[in-house]
Every structure is written in structure tokens, then in C-alpha cells.
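Notes follow the structure.
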There are 2 protein chains.
Amino acid sequence: MDGGKDGTRGDVPGTRKRDPEAVRADIMAVAEAEFAKNGLSGGRIDEIAAKTRTSKRMIYYYFGDKNGLYRAVLEEAYRKVRLEEAELHLDDLEPIEALRQLAAFTFEHHRRSESFIRMVMIENIHSGAFLSQSTSIGDVNRPAIGRVAALLDRGKKAGVFRHEITPLTLHWLISAISYFNVSNRHTFGLIFGDALWTETEQVRLGSECAEIVLRYVLTTDALGDLHPSCADA
Amino acid sequence: MDGGKDGTRGDVPGTRKRDPEAVRADIMAVAEAEFAKNGLSGGRIDEIAAKTRTSKRMIYYYFGDKNGLYRAVLEEAYRKVRLEEAELHLDDLEPIEALRQLAAFTFEHHRRSESFIRMVMIENIHSGAFLSQSTSIGDVNRPAIGRVAALLDRGKKAGVFRHEITPLTLHWLISAISYFNVSNRHTFGLIFGDALWTETEQVRLGSECAEIVLRYVLTTDALGDLHPSCADA
DNA sequence: TAGCAAATGAACGAATTCGTACAAACCGGT
DNA sequence: ACCGGTTTGTACGAATTCGTTCATTTGCTA
């Protein structure tokens, strides 16, 4: 809709009372909280407007309609999360330690990104109807698989990772554990108790996540080196 | 205001008889589809009524209100699923094989219970607010953990399972993999492609699920017996 | 300073949608 | 056959809630 932006406008710091970008960001932050909490159908535009510094009129001015706002929030949530993930530098570490870090980091990161997880939950309820309209989402997420693939290759060449493991399946596994731990905390906790969701248990589960992944990926030999054979505890 | 009498209907015995249970079941089946597809806020009572053999009036007669219907559907979904799971007989198998079956079965079972998974997704969006009102839900699900605990004990006594593994964490792991495979199929597929969701790949993932669990639970020794040391493929 | 276009605010309209009032039909026992 | 309570159908009311209309304010330029 809006054509190019001309940088000559409002560059003087502090003088611009109008700040469309800040308003947009404000709306999206409020909207993310609302949608993450109540879903797309459950989220109320009036509620979002009330919690915003601006008014409902602006939501429609900037985002067109409710779905447009939801889409913008969804895409932004993915962008933020993947940017944070990209800060992990695995190339400096040897494969085994790098994999351990990747698993533990992903687990911890998901744990701290509850509203992102909830947006993904909601989008899956909608069968990905809105994500499928996004053109950028592939580019945003592809690097994640690339990093896993590079790491896997290094480990295989070093003879410590099993050749059967594929990047996609490995990513799938790490995601599953890290995601489920957040997405299903409520129902799981209600049925089996909240024992797993104390702070100390969560930290332990982060280690267990890495442990599960390592035991799955490592060759029998490499695993033997890591965990000397002792059947008892 | 159509006063006339219609004695022409209901001649066949059993067709037009009163059958409250069948009506209830009919409503709940339709409601499960509707809620699983569109969520609680997104689900429409009128839509459910239209697809039912009976009318909207009956929904309120039997279930009180929309939330009551949702609760009934949710509880019933859990009941059905757990009943099916209980049909697995693990006691006849040796621990390792039993664990493999448990993992593979759970994976396959979740895969075939999409609407149940979606109900759980929706309930987690609501932070378990409705499940927490259910009194029976604990009793329905507790046996699941009991079976896992018994199996773990047997394996530990036989010296093939690691002592560090707890029933809750093991159940958590198997659930995570099996659940995520269904719940996130759409977003994961849109981002990374549908390669994992062909029939053959899904069957393979079922085996991988068991493999992941076994490698996590088995002692180094037991694992070595199962997978003779060979670093290459 | 005046004027113009973009940005904003408040009130409103229209369409859904939940839930109910009322009335009619039905079944089983007496 | 009649009568009681139970089961069902229709129409409607009330409350939400999305999105818009219209007027106003604001920043920038001539």
C-alpha cells in the first residue's frame, strides 16, 4: 500500500510528534498479547484498541482488518524468534558439544517465548491458512534447517553422528520436545501434576532434551565414550 | 402455526422413538467436529445445530450452554482416547519390546486421533480452564502413567533400563513427539515442506519415535546389544 | 501565516450469534 | 383413552463486535 519511504522526512530527532512506526509497533505488541491469549476468533479488536495508546481507527488504518492485524503479528513473531535463534554460534564448537548446545538452547528459548508458541498453536488450529499467505516466512525459517544440516555434516565426517539422521528429522525432534513442553503445560499439568514445571525441573528437562537428542544422534561408539558402560546408578 | 396432524410419520418402530442417548451422542459428534475445526470461540452453535438431526433447542436442553457442550465434548474425547490406549497389553512382552511397542503405538494412535489432538490444542489455548473443572479427568488418565511406571520397573529390574528415567518424564517424551507430529503438521509443513507427512515417511517416523525412546531409556550395555558397534552405514 | 493532506478520535451502523420464551408433539403409566 | 411430565420446533430478543462515517487535529510546505 504505502510506496517508498522518503528518508528526508522527520529525521530530526525528537521533533516528530507523529511516529507511525511506534504506533504500529505498539498496536502489534498489544495485539500479540491479545491473540496469544484468546486466539483469533477470541481476540477482541476493541480490547486491543483500549490497551493501545491510540484508537481502534488506527488499527484499521494500518492493518486493514482483523485478519490483517493477525497476519502481521504472526509474521513478526516468527521473525523475532528466528532472529534470536540465529545468534547461536555453533561453528566454533565441536559437533557433539554444538548439538548439545543447540538442543538445550532451543528448549530454553521456546520456554521463554510463550506468546510465540501460542501464536503457532493458534495458527495450526487454523490449519496454517494465514501462514500460507505469507511470502517471507520460508526465507525467515530456512536458515534454521541449514544450520542443523551443517552441524550434522560435521558430526558425520568426524564419525560421531549416525549417518541415518536427516536434518529435517533432527529439527523435528528438537522442536517437538521444546514446543510440547510449553504448548501442553496446562493440560499435562492438570492431569499428571505440575511436578515437571517447577523451575528446577524445567532446567533438568532442558538437560534431558539435550541428552535425548545426543543419544539419538550419536553413534554407539561415540555414545560409549560419553557414557562409560555402567548398568547401575 | 401449522395446526394439522401428521399421523403419516413414524410408522416404522424405532425410527421416531425417543432416544435421548442417541440424540446426545449425535450432538456431541457434530460438536466435536465443529470445535476441533474452529475452536471454542470460532465454533458456531447454529452451525452445530444445522448439522444435527435435532435442533438448537436440544443443545441447550442437554448441555446448558455453549461452554457446557464444549466441556462434555472435551471430556468424552479424553475418555475415548484413553480407553483405546488401555487395550495395549504390555505385560506379556519383555521390557525392551514392550517399550518399543508403547512408543510406536502411541505415535500411531495420536496420528489417527486428529480431532482429539485439536481439542487438546484448543484447551491449552484456554489454559486448561475447562479441563480443570472436570472431576473425572484425573481418574481417566492416571492409569496411563501407571502402565509406564510398571514397564519401567520391569526394565530396571532386568538391568536394561537406566535408573535415572522417571515414568513422568518418559511419558512426557513419548507424548511430545507423538503430539507435535499432529499438532504442528501445518506450520511445520508450510515452512519446511511436507516431506515428513507422506504415508511412508510417517510410518518411518513412528519407528524413529520408538528408536528415540529406546536410545534414551536403555542402558549403554543394553543399547550395545541392540545396536552392535558400527560407526558407518 | 494559510492551506493541504495525512493522521487521529468518537460515535454509529449492520451483521452475527448466543440464549430463551412459548407452544406443540410425544411417550408411558393408570 | 387420558394425563403427566418429557422432548422438540420456531421465532425472537439482547448483547457483542467488526468495521465505517464524519469531523477534527496535526505536521509540513508555499
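Sequence lines set the chain letters: A, B, ... in the order given, protein chains first and strands last, and positions in each chain run from 1.
One atom, OH of B:Tyr62, and another, P of D:dT6, lie 12 Å apart when rounded to the nearest Å. In this structure, CZ of B:Arg57 is placed 8 Å from C1' of C:dT20, rounded to the nearest angstrom. Between the CD atom of A:Glu34 and the C1' atom of D:dC18 there is a distance of 14 Å, rounded to whole Å. Distance CG (B:Asp65) to P (C:dT17): 17 Å, rounded to an integer number of Å. Between the P atom of D:dG9 and the CD1 atom of B:Ile45 lies a distance of 16 Å, rounded to the nearest Å. Atom CE in B:Met58 sits roughly 8 Å away from atom P in D:dT7 (whole-Å rounding). Look at CG on A:Leu69: it is 16 Å from P on D:dT17, rounded to the nearest Å. For the pair A:Glu21 CD and C:dA7 P, the computed distance is 11 Å after rounding to whole Å.
Nucleic acid contact for A:Gly43: sugar-phosphate only, since backbone atoms but no base atoms lie under 4.0 Å from a heavy atom of the residue. Among the protein residues, B:Gly42 comes within range of no part of the nucleic acid, since none of its heavy atoms lies under 4.0 Å from any strand.
Between B:Thr54 and D:dT7 there is no side-chain polar atom (N or O) within less than 4.0 angstrom of OP1 or OP2.
Here C:dT20 is the nucleotide among C:dT8, C:dT20, D:dT17 with the atom lying nearest to any side-chain atom of B:Tyr60.
Comparing A:Tyr61 and A:Lys56 by the nucleotide of DNA chain C that holds the closest heavy atom to each, the one mapping nearer the 5' end is A:Tyr61.
Taking the six-membered ring for Trp and thresholds of 30 and 60 degrees, B:Phe192 and B:Phe188 have ring planes inclined between 30 and 60 degrees apart.
Look at A:Arg204 and A:Glu211 and you find no salt bridge, because none of the NZ, NE, NH1 or NH2 atoms lies under 4.0 Å from a carboxylate O. Using a cutoff of 4.0 Å between basic side-chain nitrogens and carboxylate oxygens, B:Arg112 and B:Glu108 are scored as salt-bridged. With salt bridges taken as basic N to acidic carboxylate O contacts below 4.0 Å, none links A:Lys37 and A:Glu47.
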